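A short worksheet on the structure shown next.
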Amino acid sequence: TSHVSVLGEDGSAVAATSTINTPFGAMVYSPRTGIILNNELLDLCERCPRGSGTTPSPVSGDRVGGAPGRCWPPVPGERSPSSMVPSILINKAQGSKLVIGGAGGELIISAVAQAIMSKLWLGFDLRAAIAAPILHVNSKGCVEYEPNFSQEVQRGLQDRGQNQTQRPFFLNVVQAVSQEGACVYAVSDLRKSGEAAGY
Amino acid sequence: MARGYGATVSLVLLGLGLALAVIVLAVVLSRHQAPCGPQAFAHAAVAADSKVCSDIGRAILQQQGSPVDATIAALVCTSVVNPQSMGLGGGVIFTIYNVTTGKVEVINARETVPASHAPSLLDQCAQALPLGTGAQWIGVPGELRGYAEAHRRHGRLPWAQLFQPTIALLRGGHVVAPVLSRFLHNSILRPSLQASTLRQLFFNGTEPLRPQDPLPWPALATTLETVATEGVEVFYTGRLGQMLVEDIAKEGSQLTLQDLAKFQPEVVDALEVPLGDYTLYSPPPPAGGAILSFILNVLRGFNFSTESMARPEGRVNVYHHLVETLKFAKGQRWRLGDPRSHPKLQNASRDLLGETLAQLIRQQIDGRGDHQLSHYSLAEAWGHGTG
């Protein structure tokens, strides 16, 4: 997955996230067109209980809404659920904007949320907000820490009862452009050796 | 008398001239020297995941292209520089803010399920993960029709101009980027790559290409030239699509030209959630904007600030609340099903955007991090960690 953030001279903006899903997609290549094919249908697996397929396994409603608890078979024309979140934040009163999004499969939302939180509320500048190591919560409720995440915070969370586990690799990458008054800041994630450009 | 009058006029003219010079100087300086620090720009910017593609996007802006033009050019470039990440065989989601209308719209050109697919496809999930190789997982590519729709609605430069920099890159002795090489040498990916049809592109014999190795890719260069000059229909209803379908059928794909022809991007309003001074605009299901909105809306209510991070206990507290919020968010992911294909999910994401649910969740977050998974609606072992 790859994300591009753009802010134009007139203040218009675009956040776009594009993907072939997992690295190299389906690993199927069309030699005459030079095109590598996606494996996006794999994302439909998200809605199925682990260890089973299209057999429904109903669960009772939860207290905040009621999960349907079924593994629906794919429907032609359907789009699979996605973590992609190309987003634009606008503060009309101050003339500020943040154009942001990211890559990294299920890490996208964790990474983008933490970059926004750090930038908007915790006093980080945009570069620091994107560079800061992230944490992620997996579907078993365990916390996964990106390498170099604060040991002090990890210990503190453990003391509060948070379970942690190792994640083999982190592929989170965030790109953002912010406008603060007359100034434009742009950051491409160094995790992927990115570099922004502007004028 | 006349001399005195002439002197006055001269003085006035001199004053006007000086004032004009000062104004011109101020305007010129304001355009060239932003008082924003060395890392800031005065006018516009592009952040792609490689320098070369950010530069291409910037060049398009400087040629009076719109932000959509710059985005398309940067994405086309990325498909060549980081082909492990995205490309014409994938899908794209745009969130676009038009300053003139004040509107934010989403173009979702993510891939769709083809008409014919393996009947028990989802029974194969456990075996297929994490890589998901094989033609049975291919969705109908939406990338190019996504570009075309975005360009039709918001483009300013001619379509072909957006492809030229990348075609030049490919025709000019393109080499392997270090990031691509890292993926090619990854111990998990390498055996599958070597066994796949990608071997002919990315391997030199049995060895994956290294950084700065030449990466000749004439087929893609020709495809980009064809799409640039003939438009995207040559892919969705024409000879490029026909070639693609035939090529991948040899690997077991059931994708048809009809699937390609039927593909349409979806244009919808962005989700809109107030976050204090800001408003967050993000893409609705089946994209993840509702979950991101939910997380930030819950966190906003804790009123974290720079002060919260000043002391160790405060930092732990911030991240504890974040972890708890992420657990609740995980329990809500089922709401991201495609509402067009599953009408029961039509309004499933609406609750995620409101203050009522955010408040309820905040009330359920305390100092403990050892609640049962059912507390977060995570009791079922759902999901395979994809997305």
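Since we're looking at a predicted model, the values are computed, not measured.
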Is chain B contacted by the side chain of A:A93, its backbone, both, or neither, given a heavy-atom distance below 4.5 Å?
neither

Please round to the nearest 0.5 Å and tell me the distance separating atom CG of A:L37 and atom OG of B:S253.
7.0 Å

Distance from B:L275 atom CG to A:L120 atom CG, nearest 0.5 Å?
7.5 Å

As a quick check of understanding, evaluate side-chain hydrogen bond (donor to acceptor under 3.5 Å, both in side chains) for A:R160 and B:N317, giving each step before the final call.
CA-CA 10 Å; A:R160 292 196 180 197; B:N317 193 49; 3.2 Å; yes

Worked verdict on B:T306 versus A:L122 for side chain to side chain contact (heavy atoms under 4.5 Å, CB included):
CA-CA 4 Å; B:T306 312; A:L122 302 182; over 6 Å; no

When you measure from the side chain of A:N38 to the backbone N and O of B:G139, does any donor-acceptor pair fall under 3.5 Å?
yes

Top residue by heavy-atom pair count (under 4.5 Å) with chain B, among A:Q179, A:Q94, A:Q114?
A:Q114

Given A:G161, A:G25, A:S118, the one with more heavy-atom pairs under 4.5 angstrom with chain B than any other is A:G161

Under a 4.5 Å heavy-atom cut-off, does chain B meet the side chain of A:S96, its backbone, both or neither?
both

Tell me whether the rings of B:F183 and A:F24 are parallel (<30°), tilted (30 to 60°) or perpendicular (>60°).
perpendicular

Return yes if a side-chain donor-acceptor contact under 3.5 Å exists between B:T112 and A:E78, otherwise no.
no

Under 3.5 Å: donor-acceptor pair, side chain of B:D338, backbone of A:S80:
no

So, the part of B:N303 with a heavy atom under 4.5 Å from chain A: the answer is neither

Does A:S193 have any side-chain contact (heavy atoms from CB on, under 4.5 Å) partners at least two apart in sequence or in another chain, and if so, which?
B:V179

Turns out that what part of B:E111 lies under 4.5 Å from chain A's heavy atoms comes down to both

When you measure from the side chain of B:W137 to the backbone N and O of A:E40, does any donor-acceptor pair fall under 3.5 Å?
no

Sequence neighbours excluded - salt bridge (charged side-chain N to carboxylate O under 4.0 Å, His left out) pairs with any residue from residues 22-36 of chain A
A:R32-B:E246, A:R32-B:D247

Do the non-hydrogen side-chain atoms of A:I116 and B:L296 ever get within less than 4.5 Å of each other?
yes

A:A113 to B:I295 - nearest heavy-atom pair and separation
CB-CG2, 4.1 Å

Minimum heavy-atom separation for A:P31 to B:A219, with atom names?
O-CB, 3.3 Å

Taking the side chain from A:T19 and the backbone from B:M86, do they hold a donor-acceptor pair closer than 3.5 Å?
no

Backbone N/O of B:L131 and side chain of A:N39: donor-acceptor pair under 3.5 Å:
yes

Between B:T95 and A:P86 (side chain of the first, backbone of the second, donor and acceptor by atom type, cut-off under 3.5 Å), is there such a pair?
yes

Does B:V46 reach the side chain of A:V4, with side-chain heavy atoms less than 4.5 Å apart?
yes

How many angstroms lie between CD in A:E195 and OG in B:S50, if you round to the nearest 0.5 Å?
10.0 Å

Under 4.5 Å from any heavy atom of chain A, what part of B:H320 do you find: side chain, backbone, both or neither?
both

With a 4.5 angstrom heavy-atom cut-off, could you sort out which part of B:M309 is near chain A: side chain, backbone, both or neither?
side chain

Please round to the nearest 0.5 Å and tell me the distance separating atom CG of B:L326 and atom CG of A:N138.
11.0 Å

Give every residue pair that meets the salt bridge (charged side-chain N to carboxylate O under 4.0 Å, His left out) criterion with at least one member in residues 83-103 of chain A, sequence neighbours excluded.
none

With no hydrogens and no angle check, just 3.5 Å: does a side-chain donor-acceptor pair link A:S83 and B:R333?
yes

Okay, B:E143 and chain A: the region with an atom under 4.5 Å from a heavy atom over there is side chain

Measure across B:P83 and A:I20 and return the closest heavy-atom pair with its distance rounded to 0.1 Å.
O-CD1, 3.4 Å

Beyond-backbone contact of A:V6 with B:L61, side-chain heavy atoms, under 4.5 angstrom
yes

Side chain from CB out, backbone as N, CA, C, O: work out which of these in B:Q124 comes under 4.5 Å of a heavy atom of chain A, or both, or neither.
neither

Residues 146-156 of chain A: residues contacting chain B (heavy atom under 4.5 Å, by number):
A:F149, A:E152, A:V153, A:G156

Any side-chain heavy atom of A:V75 within less than 4.5 Å of one from B:V113?
no

Under 4.5 Å to a heavy atom of chain A? For B:N108 that would be both

A:G141 and B:K327: which non-hydrogen atoms are nearest, and at how many Å?
O-CE, 3.3 Å

Side chain from CB out, backbone as N, CA, C, O: work out which of these in B:H371 comes under 4.5 Å of a heavy atom of chain A, or both, or neither.
neither

Assess, by modelled atom type and distance only, whether the side chains of B:N82 and A:S2 contain a donor and an acceptor separated by less than 3.5 Å.
no

Here the gap from A:I90 atom CD1 to B:L280 atom CG, rounded to the nearest 0.5 Å, amounts to 10.0 Å

Heavy-atom check, side chain of B:L378 versus side chain of A:K140, under 4.5 Å
no

Working note: A:M27 + B:L193, criterion side chain to side chain contact (heavy atoms under 4.5 Å, CB included); need CA distance, chi angles, decisive distance, verdict.
CA-CA 7 Å; A:M27 295 196 192; B:L193 283 166; 3.8 Å; yes

Do the side-chain N and O atoms of B:S85 and A:K192 include a donor-acceptor pair separated by under 3.5 angstrom?
yes

Looking only at heavy atoms, the pair that brings A:P81 and B:L336 closest together is CB-O, 3.6 Å

Which bit of B:L322 is near chain A, if near means a heavy-atom gap under 4.5 Å: side chain, backbone, both or neither?
side chain

Is B:P178 in contact with chain A via its backbone, its side chain, both, or neither, using a 4.5 Å heavy-atom distance?
neither

Tell me, side chain or backbone of B:V318 under 4.5 Å from chain A's heavy atoms, or both, or neither?
side chain

Separation between CG (A:L157) and CZ (B:R315), nearest 0.5 Å, reads 12.0 Å

Which pair of heavy atoms, one from B:A45 and one from A:V184, lies closest together, and at what distance?
CB-CG1, 3.7 Å

Identify which part of A:L171 has an atom lying under 4.5 Å from any heavy atom of chain B, answering side chain, backbone, both or neither.
side chain

Structural part of B:P114 lying under 4.5 Å from a heavy atom of chain A
both

